[in-house]
Amino acid sequence: MSLLELIAAADERALVASGTACLDRCLPQPAEGADPDPLRPLWAGCAKGDEWAGRLTEARTALDVLPPGEDGTVPAIRKLLGEAPADRTDPGLRAWAEACSLLALRVHLGHDATPAAEDELLRRCREDEAPDAGPLVTGEVRRQIRILEMLAETAGASGAGAGLRQVLDASTEGQRVLRAAASRRARGRGPA
């Protein structure tokens, strides 16, 4: 299944977890002394649906203190958190998860060694038709698909956190890859 098909078929738990994972991967390297994981409250809200609204508020507050960064990613994450439905049964949840997916792909494209025409390429990636995408975007599409598949496999499993640990691990791996690419890119530019 393509990424868009998986998002269309996802339940509310998978939508909030995949959206959270996408935003988490986009966070820049934290400054010294800053909270290394400002979206941690949101992960708890993924496991327990009745806690989602409160955890969303906590995550918004934690993100408010982060500097905007150089590439505008933090303001984009703030905007998406501001648009996240407080009710996990809200019909807008799917659109929010899609927007989080697209932001993650855009951020990866921005750090890819071979950036291409953004909108068309990302549309094709999400429809599973982009063999010409760069390695970071291709890896991110695969990661998003793997996360949604893991969540689908554990849907209905006993325990609210079923599968979320694996999703968090996959997301953390992706975050490391993106931060390493951003660091290499920054070293290549040298001092401003």
Side-chain angles (χ1 to χ4, degrees), residues 1-30 34-63 66 73-74 76-78 80-81 84-90 93-94 96-105 107-108 111 126 135-183:
M1 292 179 83
S2 74
L3 178 55
L4 287 178
E5 290 169 330
L6 287 166
I7 292 172
D11 64 9
E12 69 182 45
R13 179 177 151 274
L15 292 172
V16 296
S18 66
T20 298
C22 286
L23 297 181
D24 205 23
R25 284 191 300 282
C26 292
L27 286 171
Q29 182 73 33
D35 183 354
D37 196 4
L39 296 184
R40 182 180 308 269
L42 218 47
W43 284 105
C46 292
K48 298 179 181 174
D50 59 334
E51 294 183 11
W52 174 252
R55 299 298 187 150
L56 184 58
T57 300
E58 287 178 49
R60 288 172 177 156
T61 301
L63 216 60
L66 288 182
T73 301
V74 172
I77 295 171
R78 275 192 201 114
L80 283 172
L81 282 179
D87 180 358
R88 285 178 33 162
T89 61
D90 187 301
L93 187 60
R94 194 166 315 281
W96 177 76
E98 286 184 9
C100 293
S101 167
L102 191 56
L103 174 64
L105 290 172
V107 169
H108 281 76
H111 292 289
R126 292 163 45 103
L136 286 177
V137 172
T138 299
E140 176 61 12
V141 169
R142 288 182 185 144
R143 190 171 299 105
Q144 288 186 30
I145 287 171
R146 189 170 81 228
I147 284 171
L148 285 162
E149 289 172 344
M150 282 190 278
L151 290 164
E153 289 170 8
T154 58
S158 63
L164 289 178
R165 179 77 242 169
Q166 294 135 321
V167 169
L168 182 56
D169 290 345
S171 189
T172 300
E173 170 199 339
Q175 187 180 62
R176 284 188 203 116
V177 168
L178 183 62
R179 286 179 177 175
S183 178

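We're numbering straight along the sequence, starting at 1.
Gln166 CD to Leu168 CG: the interatomic distance, rounded to the nearest 0.5 Å, is 10.5 Å. Expressed to the nearest 0.5 Å, how far CG of Leu23 lies from CZ of Arg78 amounts to 12.5 Å. Note: Ser18 OG to Arg146 CZ = 14.0 Å, rounded to the nearest 0.5 Å. To the nearest 0.5 angstrom, Glu51 atom CD is 10.0 Å from Arg88 atom CZ.
Looking at Glu5, its side chain does come within 3.5 Å of a backbone N or O of Ser2 through a donor-acceptor pair. Remark: the backbone N or O of Leu39 is not paired with any side-chain donor or acceptor of Arg55 at under 3.5 angstrom. The main-chain N or O of Ala10 is found under 3.5 Å from a side-chain atom of Arg94 such that the two form a donor-acceptor pair. Of the possible polar contacts, none joining the Arg179 side chain to the Gln175 backbone as a donor-acceptor pair under 3.5 Å is found.
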Determine whether Arg13 and Thr154 satisfy the following criterion, side-chain hydrogen bond (donor to acceptor under 3.5 Å, both in side chains), listing intermediate values before the conclusion. CA-CA 10 Å; Arg13 179 177 151 274; Thr154 58; 3.2 Å; yes
Might you work through the side-chain contact (heavy atoms from CB on, under 4.5 Å) test for Thr73 and Leu27, ending with a clear yes or no? CA-CA 7 Å; Thr73 301; Leu27 286 171; over 6 Å; no
Is there a side-chain contact (heavy atoms from CB on, under 4.5 Å) between Trp96 and Leu15 once you walk through the steps? CA-CA 8 Å; Trp96 177 76; Leu15 292 172; over 6 Å; no
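For Arg40, the CZ atom sits in a loose shell: 12 or fewer heavy atoms of surrounding residues, nucleotides or ligands are nearer than 6.0 Å.
Leu148 is not listed as a side-chain neighbour of Met1, based on a closest heavy-atom distance of 4.5 Å or more. Side-chain atoms of Ile147 and Met150, non-hydrogen and from C-beta on, do get closer than 4.5 Å to each other. Taking 4.5 Å as the limit, some side-chain heavy atom of Trp52 sits within range of a side-chain heavy atom of Cys46. Leu81 places a side-chain heavy atom less than 4.5 Å from the side chain of Leu42. You'll find the side chain of Cys22 stays beyond 4.5 Å of the side chain of Leu103, heavy atoms only.
With sequence neighbours excluded, no residue forms a side chain to side chain donor-acceptor pair (under 3.5 Å) with Thr20.
A donor and an acceptor atom, one from each side chain of Trp43 and Asp24, are located under 3.5 Å apart. Under 3.5 Å, the side chains of Arg126 and Ser101 contain a donor-acceptor pair of N or O atoms.
Across Asp11, Leu6, Leu164, a single residue satisfies side-chain contact (heavy atoms from CB on, under 4.5 Å) together with Leu151, and that is Leu164. A side-chain contact (heavy atoms from CB on, under 4.5 Å) with Ile77 is found for one member of Cys26, Cys100, Pro38 and no other, namely Cys26.
The pair Arg25-Glu173 does not meet the salt-bridge criterion, since no charged nitrogen lies less than 4.0 angstrom from a carboxylate oxygen. The pair Arg143-Glu140 meets the salt-bridge criterion, since a charged nitrogen lies less than 4.0 angstrom from a carboxylate oxygen.
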